[in-house]
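Here the structure is laid out as structure tokens; the discussion comes afterwards.
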Amino acid sequence: MRRNITELRGLEPPATADEVEAAARQYVRKVSGVRHPSPANAEAFEAAVVAVTAATRTLLDALPERRQPPKTVPPLRRPEVQARIAARG
């Protein structure tokens, strides 16, 4: 599991809904210590992802523009990750 949560503020183009949800899922996994929730925990896990996604979107919408983009490219924008996602679908 990654140590750092993906930085979404200041991306060009702005962070997509998929990127915001992926970051929220990453956060919930890290905080809960659960990578794959059991059927007993799935509902609570998904509810937390929805809540964190909404809070993240609210925060990103409220913050002013950044002067510089983040130092790293978010995972969902990296070519190798895009290729892996396309191969699954």
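Given the structure is predicted, the values throughout are model-derived calculations rather than measurements.
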- request: Give a yes or no on whether Phe45 and Val31 share a hydrophobic cluster (residues Ile, Leu, Val, Met, Phe, Trp, Tyr; joining criterion: side-chain heavy atoms under 4.5 Å apart).
  value: yes
message: Let me check something: do Tyr27 and Val20 share a hydrophobic cluster, defined by ILVMFWY side-chain heavy atoms less than 4.5 Å apart, either directly or through other members?
response: no
message: So, taking the atom named CD in Glu12 and the one named CD in Glu65, what distance separates them when rounded to the nearest 0.5 Å?
response: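 Result: 7.0 Å between the selected atoms.
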field: Residue pair Arg25 / Glu46, side-chain heavy-atom distance below 4.5 Å
entry: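 Sidechains of Glu46 and Arg25: in contact.
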- prompt: Can you tell if the side chain of Glu19 reaches within under 4.5 Å of the side chain of Thr6, non-hydrogen atoms only?
  reply: no
- prompt: Among all residues two or more places apart in sequence or in another chain, which pass the side-chain hydrogen bond (donor to acceptor under 3.5 Å, both in side chains) test with Arg9?
  reply: none
Hey, can you pull the donor-acceptor pairs under 3.5 Å for the side chains in residues 48-61, sequence neighbours left out?
| residue | atom | partner | partner atom | Å |
| --- | --- | --- | --- | --- |
| Thr53 | OG1 | Val49 | O | 2.7 |
| Thr56 | OG1 | Val52 | O | 2.7 |
| Arg57 | NH2 | Ala15 | O | 3.1 |
| Thr58 | OG1 | Ala54 | O | 2.9 |

Check: residues 80-89 side-chain donor-acceptor pairs under 3.5 Å, at least two apart:
| residue | atom | partner | partner atom | Å |
| --- | --- | --- | --- | --- |
| Gln82 | NE2 | Leu76 | O | 2.3 |

